[in-house]
Every structure is written in C-alpha cells, then in structure tokens.
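Only one structure is covered here, and it is reproduced in the block below.
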Protein chains: 4
Amino acid sequence: MPKIVDSEEYRKELLDKCFDLFANKGYANVTTRQIAKELGISTGAMYHYFPSKQVLFEQLVDRISWQDVKLLKSIAHDGTIAERIYRLGQLLIEYEEHFVKQAVIWTDFYHHHALAEINDNPVLQQVDRRYQEAIEELLDLPDPKLARFVWTLINGILFEQVESAYSFSFAEQIDLLSQMLIAYCEKHLA
Amino acid sequence: MPKIVDSEEYRKELLDKCFDLFANKGYANVTTRQIAKELGISTGAMYHYFPSKQVLFEQLVDRISWQDVKLLKSIAHDGTIAERIYRLGQLLIEYEEHFVKQAVIWTDFYHHHALAEINDNPVLQQVDRRYQEAIEELLDLPDPKLARFVWTLINGILFEQVESAYSFSFAEQIDLLSQMLIAYCEKHLA
Amino acid sequence: MPKIVDSEEYRKELLDKCFDLFANKGYANVTTRQIAKELGISTGAMYHYFPSKQVLFEQLVDRISWQDVKLLKSIAHDGTIAERIYRLGQLLIEYEEHFVKQAVIWTDFYHHHALAEINDNPVLQQVDRRYQEAIEELLDLPDPKLARFVWTLINGILFEQVESAYSFSFAEQIDLLSQMLIAYCEKHLA
Amino acid sequence: MPKIVDSEEYRKELLDKCFDLFANKGYANVTTRQIAKELGISTGAMYHYFPSKQVLFEQLVDRISWQDVKLLKSIAHDGTIAERIYRLGQLLIEYEEHFVKQAVIWTDFYHHHALAEINDNPVLQQVDRRYQEAIEELLDLPDPKLARFVWTLINGILFEQVESAYSFSFAEQIDLLSQMLIAYCEKHLA
DNA sequence: AATGAATGAGGTTTCATTCAT
DNA sequence: TATGAATGAAACCTCATTCAT
C-alpha cells in the first residue's frame, strides 16, 4: 500500500518535470528520449510508469487541469462582479507563466486527437465541465454561457502571449478584459 | 513568361488544396506522402514546387495571411464604431470555417518554429504588422493596442471552436464580443 | 549523313563539357540535372544524346582514353631510353591537369562497375591494351611488363596530386620517377 | 565503466566488419541497409553507434590508417637501405589484400569530401603526417620527400591491383619497385 | 524497478528516367 | 529535337516501443 502511494507520487513528480518540455516544444517535437533525459531516468523506466508517450501526455494534461481548477477555486468568491473579475485577473497575472504553458499544451493536446475521440472521452468531458464550473462559481454570472465565454477570451490572451512578439503585456491585457467585462455587466446585467 | 505565371498559379492552387489537411491534422501529423496524395501529385512533383515540407507550410501560412488581410480590407470602413464592429462580426461569421482553420494553422506554425527564428523573419513580421494594420484601419479606435486586443480575443473564440465540444455557437460568441466592445467603448471612449 | 556527323560532333562536345564535373565531384556525386545544367541543355535533351547517365560516363571514359593514347603517340619515339623517358615526363607535366583528371575519372569508373563486367567488356579491354601499347612503343623497353609498370607508377603520382595537401610538385615527382627509371635501366638493362 | 569499454570495442568490431563492403563497392554504392545487413544489426542499431553513414565511413578510414601505421612501425628498422626496402616490400606482399582495400577506401574517402574540408580537418592532417613519419622512419632516407614518394608509388601499385585485369602479380611489382629504389639509391645517395 | 541497446516501420527527401507538349 | 514537369523507387535517417540483462 505505501509503495503504491510512493509510486503514485513519483508519477506526478515526473509529470510536473516534463510540463515545460511539452509547453516549449510541443508534443510531436519532443522525443521519448528527450522526455526520459529531462526526467533523469531511462526510457525503459519511463515506460514502466507510463504505457506510452500519448498516455503520459494525457495524464499531464489531466494533471494540469486539476491544478488549474484548484487554483481557480482558491479565490474568494464574495464581493461584487467587478471585484471577482478583478481577483481572477490578479490570479492569472500572478501565475501567468503557468497559465500560458497550460494553454499551449492544451492546444497541442487537441491537435493530436481526433475530435470524435475527444468527445467520447469521459475523463476529458469531466475535466472540461470542471473548468466551466470553476469559472461559473467564481464569477457567479446570470448566464453560464457568459462564464465560459470569459474563459474563452482569457485563452485567447494566453495564446497571444506565446505567439506574438508585438503583444503588449499580459497584465495590461487582462486589465483591459476586466474593464470590458465590467462595462458589459454594468450595461446589460444591471 | 506565361509558363512562370502558370507555374506560380499552380503553386497557389496546391497551397489552397492542402489548407484543410493541415487545419485538420496539424503540421507534424501530416506526412509528405499524405500531402502529395491530397494534392493529387507524386511526392517528387511536390518537391518540384516546394523545397521542403516546412517551406510548403510556411508559404501556406503566408498565403492565408494575405487572404485574411484582403478580406478584412474588403469591409466598408465608414459608420460608427458599433457599426464597424458589427460588420467585422458579420464577416467572421460568414467565413467562420476559413477563419477557424486559419487560427489552427497559425498556432501550429508558431509551435514548429523557435521564437528567435520567428522574430528574425522579416516576412513574418510584415505579415503580423499587416494583420494589425488591417484591424486598426477597420475599427479606427483611438488606441491601436485596442485593435490588436480585439484580434487577440477573436482568435480566442476561433480556437475555442476547434477545441471544445461544449462551446455555444460561433455567431453567438462573436455577437457577445461585439456587445462587450460596444459597452466598453461607450463607457470609456465617449 | 551530314546531320549524323554533326550530331556525333555535338555528342563529343557534350562529353568534353562534363569532363571537369565528373573529375571534381565523382560519378555518384553528380546528378543528371547538374550534368544537364553544365551542358547547357535540358535533361530531356541529354537523354536524347545518351541513353543513361552510366552510358554517358562510359563514353566519356572511352573518349578520354583515346585522347590520352593520341597524346602519347604524338611524342617522338627516337633517341636513348633516358631521352624517351624525359619526353614522356615533359608531356605529363605539360598536360598535368588533364592527366590528373583522367586518373580520377578512371578510378571512379572502376569503382562503379563490377570487376566481372569490366573484364567482359571488349571495348574496355581494347582501351586498356591500347594504353599499354602506346607506353610500350614509346619507351621501347625490353620487357613489356616494365612499360605497364611505368604507367602504374605514373598513375600513383597522379592520384597523389588529387589527394594529398602535402605532396610536392607534380613536375618534381615526375622528374624523380624519371631518374629512378634511368638508374634502374642503367643497372639492369645495360 | 566496463560498459563503455564494451561499447567502444563493439564499435570497432562493426567498423572492421564493413571494411570489405566499402572496399568492394565504394561509399556511394553501399546503402545504409546493406551496411546494417552486413553488420548483422538493424539500421536503428547502426545509428545508435554512428550518427550518420558519413561519420561511420570517416571512423572506418581513421581506424584503417592507425592499423596501417601500426603495421609499418612493426618492421625492424635496422640494416641497409636495401634491406629495409626489402622488408617493407615483404610486409606489403604479406598484407596485400588489406593494403589494396585500404588504398581503395582512402581514394573513395577523398572523393567524397571537398578538398578544403580535408585540409581543414586536423585529425586527417595528423593521420596523413603519421603515414609520412612511419615511412620516413622505416626507410631512413636522406630526403623526407623521397619517403613520401615511395608511398605514393606504392599506392599506384595498389590501385592497379584493383583496376586492371592485366596487371602482373603484386609481389612482382613490389619487387620491381624495390629494385628501382635500390638502383636509384646506389646511384644518387652513395 | 531500472537500464539502454535494439528494432523496424515509416518519415522526409533525392534523383535517374520518362513523356506530354 | 527540345523542354522541364512528373514519376516513384529507394536513399538516409528517426523514434516510439520492446526486452535481455
């Protein structure tokens, strides 16, 4: 029993260790040898902990999503809409690097699966729902669609951070988004 | 003389033909043999027109960006901010499929290049600037950053279309974004 | 009839034009497209004059051997052994570049044929015999083996010119070889 | 520690195994699959030991040169010039097959590298110098050029063995060369 | 549990040759 | 005759995965 716990812990440790690698190079551009090297173990040992590269990646994505949701749930959920939006923004700014990488990896994940496969995967569906729920709970907007939409826009900003050399700062963009949301809420949800 | 024109035309035709393939499967998941088959030519012929898979992909991205910018420039640039935002939204909705694929391919493109390489590439810089300019001109907002930000958010929505099975309709999301922008403008730019 | 003559002349011209190319890069490192470009014609035209790359190469080797033999026969055949050896040396020095290239190409030629194939080829046998005869006639030594041996040693010096950065000058080496031959003849053939 | 030794030993073993293949067919005419087959391993395993076909070949050439020099140094260096020349001849005759192949491969090696590249390569320069030194030491002639020249002539005879079906025996040619050298030395170096 | 050498299918690319124009 | 686009077999090489140790 305790051994399994250790092993389980070790697996999570390994997943965390290759987070950056996938975020920087993308799934298809990273070889199993590179992963093993980054993890400081042999390829054989890697296959002892994960049945395949694909499964390793999937477990990484899964783990990240839990971390994200946990982070989102850690924010205080009281106060006005404007206050809650502000707090979300502050969280994103604080963990900018993490969220940018998460967005990159998530994109890669979808690229490497057929859509049918994704929609049939109950684990992924659940993860997706949990993101949605976390945002919904936090912002507590009248329309759940609106919460999802906010997350969509945030992802847009996160992608932009990776891709463009000309983008202005993440904090500035998150601020701007907050102001837009607040203006929208004041006008339409008053 | 006419031969060069034909050959150039044919190359563009070939690029258009593999647009969907890259959009659906991603750069690394498409083999040269698959591309050649999709194009209806032999791999040898493919290499007659493009020196490598990578260059083919780069030329595809380049071509798409020109098409996009041309589309953006085709919209009437007069009227109020709200009207212009509305027209941009209508264009995106009309060409939804195209713009979603473009976003996917663009993402893939960035994933398969080192950042340094991208920032050193004058062609890419120019393309990037042209996108920015096109949006700026169209929306004619007081702050150029704001225009870029709009494009960033639009890309977020486009990515969402690919990735999520639970997103609501593209048209609805674009509408929502328009309303947000209008609310923001009314409040801050009045 | 005159047309065939022209065509034949043109073919020889083409062979001469690609002499340097093969000498510098070797058979396997030269592509048909490079040859065609060097010849200033299309690959299609090239295949009009030569049925294959291999045959083109063989005809080149054949042509070179005739030129060499012709050169060797052009020397005056009278005087003492020492004089004849001297004259041969002067010829080699005068046409150094040509003979070096010839040696390189000849080597390449053998490398790209199975030995059995070479020994079965009557044309090649004849060429080989003609070289031997030309040297024999020129040096007029008591033992025909000796003449062949001289040619063998000359080829060694020619190869050295290509391969080594440290070799001393071709003229010096040919001189040294002449002195050796003369010393040998004085001692053994007196 | 012992593992590295084994691996290093195995690499040398692999090099020795493909010596004949390159000698018979030449670099460009041997495919990686053929090499792997000859070595009795998969292409993947081959690439585990050598980063490319070219590097494999270079390491083979390097290895051969060391073996040659070692052989040359193994001869007794005392006695008269005639005796030393005789001993060198006997060594060449004894290892005829090896030296012929070495000459062939060395030629091929030069053909597949740009001259500039060869002259810039310190390893190759050193190898070249070592050949020279070994011959110089062995023959102990008054002029170092003369020693190099002897090696040049020997190579000529070695090439002849490969190329010509009409050459007389290697032993006979080496004998003849010895007599020439001796005659030359008696006349000029007395 | 751990290692890393080994596998071999499959990737990108090349190139001698053909053929419609 | 001449062109050069097109072919496709085959080249070199990679890499996820396995397995003897």
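Just so you know, these numbers come straight off a predicted model, no measurement behind them. Throughout, protein chains are lettered first and strands after them, A, B, ... in sequence-line order, and every chain is numbered starting at 1.
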For residues B:Tyr27 and B:Ile105, determine if any side-chain heavy atom of one lies less than 4.5 Å from a side-chain heavy atom of the other.
no
Evaluate the side-chain proximity of A:Ile35 to A:Phe22: yes if any heavy-atom separation is below 4.5 Å, no if none is.
yes
Can you give the dot-bracket line for DNA chain F, using ( ) for pairs inside the strand, [ ] for pairs that cross earlier ones, | for pairs with another strand and . for unpaired bases, where Watson-Crick and G-U count if both distances are under 3.5 Å?
.||||||||||||||||||||
Has the side chain of B:Asp62 got a donor or acceptor atom that lies under 3.5 Å from a matching backbone atom of B:Glu58?
no
Students often mix this up, so state it plainly: with edges at 30° and 60°, are the rings of D:Tyr110 and D:Trp106 parallel, tilted or perpendicular?
perpendicular
For D:Phe57 and D:Phe109, take the angle between the two ring planes, folded into 0 to 90°, and tell me which bin it lands in: parallel under 30, tilted 30 to 60, perpendicular over 60.
tilted
Least distance between heavy atoms, A:Ser52 atom then A:Tyr47 atom:
CA-CE2, 3.9 Å
Provide the closest heavy-atom pair for A:Asp20 versus A:Lys101 in the form atom of the first, atom of the second, distance.
OD1-NZ, 3.1 Å
Nucleic acid contacts of residues 19-26 of chain B, taken as heavy-atom distances under 4.0 Å to DNA chain F
none
Short side-chain N/O contact to F:dT1 OP1/OP2 from C:Tyr10, under 4.0 Å:
no
Counting only side-chain nitrogens and oxygens, does C:His48 get under 4.0 Å of the OP1 or OP2 atom of F:dT1?
no
Summarise protein proximity over nucleotides 14-21 of chain F in one line of letters, 5' to 3': B for base, S for sugar-phosphate only, - for none, counting protein heavy atoms closer than 4.0 Å.
BBBBB---
So which of A:Glu9, A:Glu13, A:Glu8 actually passes side chain to side chain donor-acceptor pair (under 3.5 Å) with A:Arg11?
A:Glu8
